[in-house]
Each structure stands twice: as C-alpha cells, then as structure tokens.
Amino acid sequence: MVVESRMEKRTEPALSPLLLAMRGIVKTFGRSRAVDGIDLDVPERAFLTLLGPSGCGKTTVLRMIAGFERPDAGEIRLDNTPLADVPPERRPVNTVFQSYALFPHLTVHDNVAFSLKLRGGVSDIGVRVRRALDAVHMADFGDRYPHQLSGGQQQRVAVARSIIAEPRLLLLDEPLSALDRKMRGHLQIELKALQRRLGIAFVYVTHDQEEAFALSDIVVVMNKGRIAQKADPETIYSRPADSFVADFIGNSTLVEGRIQARHGDRATIETALGTITAPAAEGLAVGDAAMLVIRPELLSMRGEGSATFTGSVGHSVFQGERSMVGAEVGGLALRFPAEAPLSVGTSVALWLDADRSFITRIAA
Amino acid sequence: MQRFTLNRRQMLGGLAAGAGLSLLGPMRQAFAAVPEIVWATWDSNGHPEYVAAFEKATGTKVKLSFLSSEDAQFAALKTGSASDWDIVNPSLNQASRYIKAKELMPLDLSKVPNLATMYDVFKTTDKVKGEDGKTYAIPYLWGLNPIVYRSDIHTEEPTYSTLFDPKFKGQLAMRDYALESIAIAALHLGIPRERAFLLTTDELAEVKKALIAQKPLLRTYWQTIGDLTNLFATGEVTAAFSWRVPYDALKDKMKVAMAKPKAGIMGWCDCFGIPASLPEEKLETAYKFADYLLGADYAATIAEIGNYATTSSIIRDKLTPEKQAAIFVDDLSVMQNFIWPVAPENYSEWLKVWNEVKAA
Amino acid sequence: MTFRQRHLALPVAVAIIAGCLAPLAVLVAFSFYEVEEFDLVPAFSFRAWGELAVSATDWFLIGKAVLSGLTTTVFTVVLGYPVALALTRLSASAKGLAVIVLLTPLYTGEIVRIYAWRIVLGGEGLVNTVLQGLGLIDEPMKVLLFSPFTIGLVLTYNNLPFMVLAIWVSAEMVDRRLIEAARDLGARPVDAFFRVILPLTVPGLAAGSLTVFALSAGEMLTPSLLGGTSGSTAMALVDNLFGTAFDWPLASALALALLATLFLVASAMAGLMLRLKGARAVIGRA
C-alpha cells in the first residue's frame with residue numbers, strides 16, 4: 001500500500017502559490033518549549049502532514065494556525081495576511097479534532113450546519129448540509145445525535161462539519177487515531193479523495209508514518225519542537241535528513257561509523273560491519289561521524305559476488321506473505337524480509353543494495 | 001414558620017436566654033429531687049436574679065421557659081405542647097383570647113394576698129375576667145411604649161403627629177404591628193383616645209389614607225425592638241413609636257429621650273395565669289409564686305435591674321425619685337392617661353387595612 | 001431501573017410523601033375550616049377562598065413574590081455564569097479555595113448578614129461614608145438601604161452561591177474542545193456561549209434557577225428587615241394570618257395559592273429552559 005500511494009503522489013502540484021507561511025515560531029508552556037523556532041510553508045491545495053512522536057510540538061503548531069494558541073515569537077501569514085490579531089472564528093481555517101468534538105446537544109444536521117447558521121443570511125443551508133453529508137457518505141444520518149453514531153461515523157460528520165464553510169485550509173489533528181485499523185484504512189482513502197476533489201489545502205497531524213506517507217504531498221517530521229526534515233514522502237523515506245528521521249519512519253537498522261572518503265553525492269563509511277559506499281547526505285565530510293541507514297527491503301539473501309554481511313538468525317516473525325527476520329551481524333540486529341520463515345541459529349549471508357541505502361547525519 | 005416570628009424583645013432575649021439556660025442546666029442536674037415550678041415568660045421578665053428570693057424562701061426551683069412570641073405561647077397552650085408550664089404569661093390585651101379558649105383556670109383571689117397593694121387601674125380591669133365574672137389572669141408587670149427620639153434633632157418633644165410630619169421625612173419609623181400603628185394614626189387624626197381602638201369603618205378608611213400618606217416619610221417599619229435599637233444606633237431613625245429598650249440601651253451613647261404623648265400613652269401589661277390543665281398538687285406552689293410576683297422582692301429587683309414597674313405599689317415609696325421617674329411611677333397621673341391596645345371586635349378589618357397599607 | 005434500585009428508593013419516596021404531601025393535605029383541610037372564638041372548627045366553608053379570591057392585596061403580594069423570585073433568578077444567572085465559567089478555568093487547588101470563598105455568605109446566619117448589610121448600606125454606613133469622603137456625593141444615598149434596590153441586592157447576594165455552584169458543576173462537564181470547535185466554526189465567544197455552553201449547562205441552570213427562585217420568592221426576613229416600607233411579602237402575610245390574626249383558614253388558602261402560583265411559574269421556567277436549542281437532548285441523555 002505504501003508503494004502504491006507513493007506512485008500516486010507523483011502528481012504533486014508543481015510550484016503552487018503559497019497559502020500559509022510560518023516564520024520563526026516559538027511557543028513555550030511553562031518551562032518547556034513546545035515549538036522552538038520553526039519556519040513552515042503550506043502551498044495551495046497541498047496535503048501537508050506534521051509527523052512526529054507525541055510531545056514533538058506538532059499539535060501546538062496546528063493549534064497556533066487555528067488560533068487557539070498565540071505564538072510567543074514569530075509570525076503566521078495566511079494569504080499573506082498576518083494572523084496575529086485574528087481570532088479563531090475569523091480565520092478561514094477549520095479543524096477536525098482528534099476527539100471529533102461534535103456538539104452532543106445537536107443533531108448531525110445541526111452540527112454540520114453550525115458554521116453556516118452563525119454566518120446568517122445563508123439561504124441554501126439545507127442543500128449544502130446535504131451535499132457535505134453526501135461527501136462523507138452520511139446523508140441518511142442527519143437526524144441522529146452524535147452519541148448514536150459509531151466512531152467512524154462521528155469522524156465523517158466532523159469532516160463534513162469542517163468543510164461546509166469552504167475553508168482555505170483544513171486542519172486535522174490525528175483524526176483517525178481512535179479508529180480501528182480497517183476503518184482507518186478506508187477513511188485514509190476517502191480523505192485523500194476528498195482533498196483532491198475539494199482542492200483545499202490540508203494540514204494533517206499524525207504520529208503514524210504509514211498514514212503520513214499514504215496521504216501526503218509534503219511530510220514535515222518534527223522532533224523536540226523543531227522541524228527535522230521537510231520533503232515529499234519518498235525523499236523522507238529514502239534520504240532521511242538525520243538519524244532521528246531514519247529511526248522514526250521505518251524498521252531500518254542504523255549503523256554508526258565514520259566517513260572515510262567523499263566523492264560527489266556518495267561517501268564511504270567505515271562501520272563495525274565493514275566499509276560501505278552509498279549515497280550520502282550533503283555536507284558530510286571525511287572524518288565526520290555518520291549513520292548508515294539499512295532499510296529491510298535493501299537486504300537480500302541472494303546476490304552477486306561475495307555477501308555484504310554474514311551472521312545467524314536471531315528471530316523470525318511470520319507475517320503472512322513473507323517473514324521478517326532479524327539477523328545477528330557483528331553484535332547488531334539487521335532486519336530483512338524473507339520469503340519463508342527461518343529457524344533460529346541458521347547461518348545467513350546477506351547482500352546490501354548499497355546504492356539505495358543512505359548515509360546520514362547523527363541527530364543532535 | 002414560627003422561627004421567623006420575631007415579635008418581641010428578640011434581641012435582648014438572645015443573650016439573656018443563653019446566660020440563663022447555661023446556669024440552669026447544671027443546677028437542674030444537681031438538684032433533680034428539688035420541687036420546681038416552670039414559668040413561661042419573657043426573658044426580660046424572668047432573669048434568674050428576679051426569682052432568687054423565691055427560691056431561697058421556698059426551696060422551690062423556678063425553671064424559666066422563655067417565650068418567642070405571644071402567638072407561640074397561645075399556640076403551645078392550644079396544642080398542648082407545653083404541658084410542663086405551671087405559670088404562663090398572657091398579655092392584658094390578649095387575655096380574653098386565652099380565657100375564651102378555656103386555656104386558663106379561674107383564680108382563687110384569696111390565695112394572692114399581695115393583690116391588696118395593687119394600683120386601682122389594674123385591680124379594676126375587666127379584661128382579665130371571663131363572661132362568668134371570674135378572674136382568670138392577674139396583671140403583674142407594666143410599662144409604657146413611648147416615642148423614643150433623638151433630643152439633638154427634635155428640639156420639641158414629639159407627639160404622634162411628629163410621626164406624620166414631612167419635615168422628618170426618611171428619619172421616622174413605625175412598628176410593623178396593626179393594632180398600635182392604626183391607633184396612633186387615629187390619635188394623630190384627632191380621634192379621642194377612648195375610641196382609638198373602636199374605629200368605625202369610615203374612620204378606618206381615613207386612618208388607612210393617613211398611613212399610606214405616611215409611608216414615604218418612614219425609613220422603615222421596625223420588626224423587633226433590637227431592630228429598632230439598631231436603627232437608632234446607626235442614625236437611620238430619629239423618632240419612632242417604640243418601647244423603652246432603645247432609650248436604655250443608647251442613653252449613654254447618644255442624646256435620646258422618651259416622649260409620653262398627651263393624646264394617650266400606649267401601655268403594655270403582662271399578666272400571669274395558671275393553665276387550666278395544671279394538676280391539683282402543683283396548685284399551691286403556683287399560687288405562692290403568683291403572690292411572689294406581686295410582692296416586694298420581685299418588684300425591687302426588677303425595678304433595679306430591668307427598669308420595670310410591677311402593678312403593685314408595695315415598694316414605690318421606698319424608691320429614689322430618679323428610679324421612680326425611670327419606671328414611670330413618679331407621677332401617678334399616668335395611670336389615668338393609659339390606653340391599652342386591645343384587639344377590637346373588627347380586628348380582622350384592622351389587619352386587612354394594615355396589610356393593604358404595607359402592600360400599597 | 002431494576003427492582004432492587006426501586007426498592008432502595010422507597011424510603012425516600014415515603015419520606016417525601018410524609019414530609020411534603022401530608023402538610024399540604026392539612027393546609028387544604030384547614031382552608032375549608034371555620035374559626036370560632038380562636039378555635040379552629042372543622043367545616044366545609046368557602047369563606048377563606050372567597051376572601052382570598054377578591055383580595056387585591058393578597059394577589060399583589062403573590063405577584064410580588066413571583067417577581068422577586070424571577071428577578072433574583074435573572075440577576076443570579078447573569079452574574080453566576082461568568083463566575084461559574086471562571087471557576088472551571090482555575091487549577092484544582094484554586095477551585096477548592098474559590099468554592100470556600102464563594103460559600104462564605106452561607107456560613108453566617110441570616111440575621112447577622114442583615115445587620116451587616118445595614119452597616120454597609122446605611123445612611124452613616126460604609127458605602128455612603130466612602131462616597132462622601134471621596135466627594136462623589138453630598139448627601140447620603142438613602143436609597144441604598146430600605147428600598148426595593150436593597151431587597152434585590154441582598155437576595156441576589158444571598159442566592160448567588162446556589163446558582164454558581166449549580167452552573168459550575170454543569171460547566172465542569174462541558175468539554176473545552178467543544179468551545180474551541182465552536183470558535184473554529186465561526187462562533188464569537190458570545191455565540192459559543194449561547195449555542196454551546198448554555199445548552200450544555202441547562203441541567204445546572206435549571207437546578208440553580210429553580211432553587212434560587214424558590215428560596216427568593218419565599219424569602220421574608222430580608223425584605224422585612226432591609227426593604228423598609230416596601231418590605232411586605234406574602235410569606236409575612238401568611239405568618240401574620242397564622243399568628244396574630246389567628247385566621248388559619250385564610251392563611252392556609254393564601255399559602256396554598258402562593259405555593260400553586262410559585263409551582264406554576266417554576267414549571268413554566270423549567271419548560272422554557274428545556275426549549276433552549278438542544279437542551280432536551282442534554283437532559284434526556286443525562
């Protein structure tokens with residue numbers, strides 16, 4: 001699935017005009033710095049995801065865009081207009097909350113109609129509510145109250161409620177985190193299709209890298225209040241900006257070493273497992289400490305010439321169409337996919353597709 | 001509901017009752033076997049020191065049961081919830097109510113020898129007599145309800161008409177009590193005092209008009225005498241139809257005086273009576289105590305401490321002129337100027353008028 | 001409700017019937033009795049009800065009780081909401097302290113409070129002295145004490161804690177994210193209040209309003225001791241009729257009429273509050 005959506009994403013809109021610009025944003029709660037000086041641009045019609053572990057500051061960024069928190073420093077502009085003095089209700093931005101935050105005292109219809117009724121003078125509320133509910137396949141549920149709906153249904157209503165006023169930007173705060181895996185998969189596809197159809201920019205917060213890759217044009221990985229990397233999913237995946245990103249986004253094994261030689265965009269790194277030449281992050285120079293990122297799919301039990309690594313099977317987990325094997329190599333555990341389960345202790349020889357691996361910085 | 005009925009002497013009552021009861025508590029336990037008599041009365045009539053002489057002379061313990069209101073006393077007798085009371089305290093003005101309700105027993109006057117020294121005006125009153133001509137209650141304590149006023153503000157001694165004078169707008173107070181307030185308005189309107197409590201319907205209508213016209217002049221209607229004392233002390237009121245309590249409480253702190261209007265002096269008088277249900281064996285002690293209330297010891301202590309006069313002349317001549325004046329027995333012509341507030345036949349009409357005035 | 005639970009509720013039901021309905025039945029019976037020579041005589045007389053029906057004073061005072069209850073309710077609602085909502089934003093320890101402060105008026109007896117108000121509002125009282133000292137007024141403002149203003153002020157003060165507590169408990173249960181959601185969807189703070197907070201706190205609003213209405217409509221001591229010549233109340237009249245006038249039938253009839261009127265108004269209030277958009281859904285689910 002990850003591979004499929006990566007293929008789709010090739011249609012990323014080129015050079016879209018800038019919708020939202022954040023510059024030098026700082027936000028402190030008590031003594032902890034939730035957001036520590038970030039710059040972020042959101043182009044028109046982009047699906048941008050803020051990805052990171054809990055506490056990395058991604059939700060705080062979202063809340064500052066929505067207007068629920070004020071930055072301590074920095075500036076946020078939407079359509080080149082500063083937002084500092086614009087209260088949440090006057091920002092052309094709507095939010096889908098993690099807990100959905102549906103109004104328990106209002107029916108689905110009235111929840112969705114909420115923003116239009118506030119506006120006043122909207123004559124076709126009924127039609128537009130119907131259309132919004134149709135868009136999320138909830139047209140038959142207008143008379144229900146939120147507590148009469150399942151989690152997935154509530155999520156759909158929350159989306160319908162937040163798009164009906166046609167915001168310039170839709171913010172989604174881990175909207176699928178409370179749902180089971182299957183429902184999450186369905187709704188990811190629906191959300192992506194909806195975003196395409198509406199042509200609204202989405203800023204999406206999640207801690208699930210698969211979800212981020214499946215949905216996004218741009219992924220922004222955050223760590224300790226700062227942006228670790230901002231790029232398209234494929235770049236994030238194949239060329240992680242540092243060891244934090246590499247560690248967070250995949251099952252990769254990270255092998256520490258030192259740069260021995262540098263030739264163009266490639267470098268040679270000396271590690272405990274041997275010396276390997278692979279594409280390397282810009283700026284890494286001879287003598288720098290660095291990290292070789294070995295993604296599971298780059299290891300194979302067949303290859304030409306001599307094997308890159310040899311070791312023995314430490315564990316083997318059956319996952320259906322394949323197994324995930326952990327091999328003990330020079331005191332490290334290398335994960336790789338095998339077509340069939342291997343018994344523990346079996347000797348294995350592994351070939352690394354070094355051209356597709358990556359040498360990256362060690363995160364601060 | 002009774003909790004809210006604060007008709008009389010409520011403020012003084014709190015302290016006195018607290019002190020009295022806390023003394024009585026332990027004593028009762030220590031002398032449980034001692035014969036006792038329970039006297040239902042106002043806190044101001046029944047300080048423990050007023051009855052000490054009786055207790056000493058007879059060895060009978062006097063247990064004080066303080067009243068919260070006359071209505072409460074009547075209700076307690078009526079419902080039988082006060083079966084331990086041996087002597088009760090009807091007012092002269094309402095005695096007939098108790099007599100008609102057959103709550104009191106006819107009294108054997110020969111067992112009250114101190115009656116001999118009673119002032120005539122009390123001896124001759126028929127308000128304590130039943131239709132059968134028998135006496136059911138005996139007046140024992142009395143006083144005047146004067147106009148209390150600030151002598152630094154009122155240079156002339158106030159009359160009832162002062163209470164209707166726009167010159168003193170916002171400084172006057174009347175008691176929230178139909179009987180006295182309507183009678184005062186009647187006296188203000190020139191109705192003679194013999195008829196102040198016998199108003200015709202037309203006169204009542206006139207009185208009502210006067211009382212409604214008086215409303216904007218009043219600071220408030222006072223509810224309890226503690227309430228009124230507070231009103232004088234805080235400068236809210238400079239003249240009010242009153243009891244003597246604010247005068248006694250404030251005479252050392254501010255310039256206050258008491259006026260006894262010529263139009264007629266509103267008097268109050270408390271009687272004692274014996275509940276009709278009192279058992280035979282307690283009767284003798286009850287009569288003894290009744291006689292004590294008309295005797296010299298009670299008269300002397302209550303004149304000294306409480307500034308009240310009993311209905312007996314027994315100690316009058318032994319008092320200093322100042323004390324005589326303080327308890328209004330220096331000039332005995334007062335006995336001829338009394339008017340006794342007494343509920344008229346058409347009392348319900350009066351109440352209606354008073355409620356209409358207040359709601360106007 | 002299971003049988004077991006119902007079983008447990010039985011003593012309460014019995015207590016309510018015994019403590020509430022029985023005295024009412026007695027009042028109904030008394031209202032048809034006659035009074036002869038200070039004696040209550042069982043009878044079936046409509047005298048009291050007849051007198052009540054044509055008494056402008058009685059109905060004026062009943063209306064005044066309703067008005068007093070309603071105005072106090074409105075004042076405490078208007079003042080109570082900001083206080084209650086502010087309470088929800090305090091830290092847990094600050095909340096405890098705030099509630100103790102809030103309840104302070106209730107720790108002192110009513111009589112003590114009344115005389116304290118006289119000291120504050122009197123002609124030579126605190127407010128007038130300060131205002132005169134500042135040169136803002138020349139003569140003491142007599143209207144501060146012994147006026148309808150005083151009654152309104154003190155009844156509001158006395159009843160505010162009940163309203164704040166009731167609304168506060170309800171407001172604590174409103175998810176703050178709902179308020180953010182409302183703001184996000186275009187609601188100004190005032191819109192968010194009326195469209196989200198108000199309907200979601202209707203249980204507290206209703207509990208507080210009915211409590212305050214009942215307490216203030218039946219209040220007698222405060223009006224009589226602080227209201228001056230405008231302090232007459234239906235309750236005081238009932239008291240007067242039971243006591244001084246010994247007209248128990250009329251007192252009973254008036255008390256019943258007052259009770260029925262207050263009950264009707266309270267029912268209407270409850271009905272109105274349920275009609276707040278969405279309130280029924282909140283109550284129905286609670």
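Order of the sequence lines fixes the chain letters, A, B, ..., with proteins taken first and strands second; residue numbering starts at 1 for each chain.
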Colleague: Could you tell me the separation between the OG atom of C:S55 and the CD atom of B:E356, rounded to the nearest 0.5 Å?
Modeller: 6.5 Å
Colleague: Measure B:Y221 against the heavy atoms of chain C and call it side chain, backbone, both or neither at under 4.5 Å.
Modeller: both
Colleague: Which value, rounded to the nearest 0.5 Å, describes the distance between C:K142 atom NZ and B:K169 atom NZ?
Modeller: 10.5 Å
Colleague: Taking the side chain as everything from C-beta on, heavy atoms only, tell me whether B:T234 gets closer than 4.5 Å to C:R118.
Modeller: no
Colleague: Nearest 0.5 Å, please: how far is NZ in B:K78 from CG in C:L40?
Modeller: 8.5 Å
Colleague: Minimum heavy-atom separation for C:S232 and B:A359, please, with both atom names.
Modeller: OG-CA, 3.7 Å
Colleague: Which atoms of C:N240 are under 4.5 Å from chain B, going by heavy atoms: the side chain, the backbone, both sets, or neither?
Modeller: side chain
Colleague: Is any side-chain heavy atom of C:L225 less than 4.5 Å from a side-chain heavy atom of B:W222?
Modeller: no
Colleague: Taking everything shown except B:Y160 itself, do over 12 heavy atoms lie less than 6.0 Å from its OH?
Modeller: yes
Colleague: Should the heavy atoms of other residues, nucleotides or ligands under 6.0 Å from NZ of B:K209 be counted, would the total exceed 12?
Modeller: no
Colleague: With a 4.5 angstrom heavy-atom cut-off, is it the side chain or the backbone of B:S348 that approaches chain C, or both, or neither?
Modeller: neither
Colleague: Do the non-hydrogen side-chain atoms of B:E236 and C:E124 ever get within less than 4.5 Å of each other?
Modeller: no
Colleague: Which value, rounded to the nearest 0.5 Å, describes the distance between C:F146 atom CZ and B:L231 atom CG?
Modeller: 4.5 Å
Colleague: Once rounded to the nearest 0.5 Å, what's the spacing between atom CG of B:L172 and atom OG1 of C:T229?
Modeller: 11.5 Å
Colleague: Which one wins on heavy-atom pair count under 4.5 Å against chain B: C:G123, C:G122, C:S224?
Modeller: C:S224
Colleague: Are more than 12 heavy atoms, taken from residues, nucleotides or ligands other than B:D132, located less than 6.0 Å from that residue's CG atom?
Modeller: yes
Colleague: Pick one of side chain, backbone, both or neither for C:L145, based on which atoms fall under 4.5 Å of a heavy atom in chain B.
Modeller: both
Colleague: Heavy-atom distance under 4.5 Å to chain C: side chain of B:L218, backbone, both or neither?
Modeller: both
Colleague: Any salt bridge linking C:D247 with B:K352? Criterion: basic side-chain nitrogen under 4.0 Å from a carboxylate oxygen.
Modeller: no
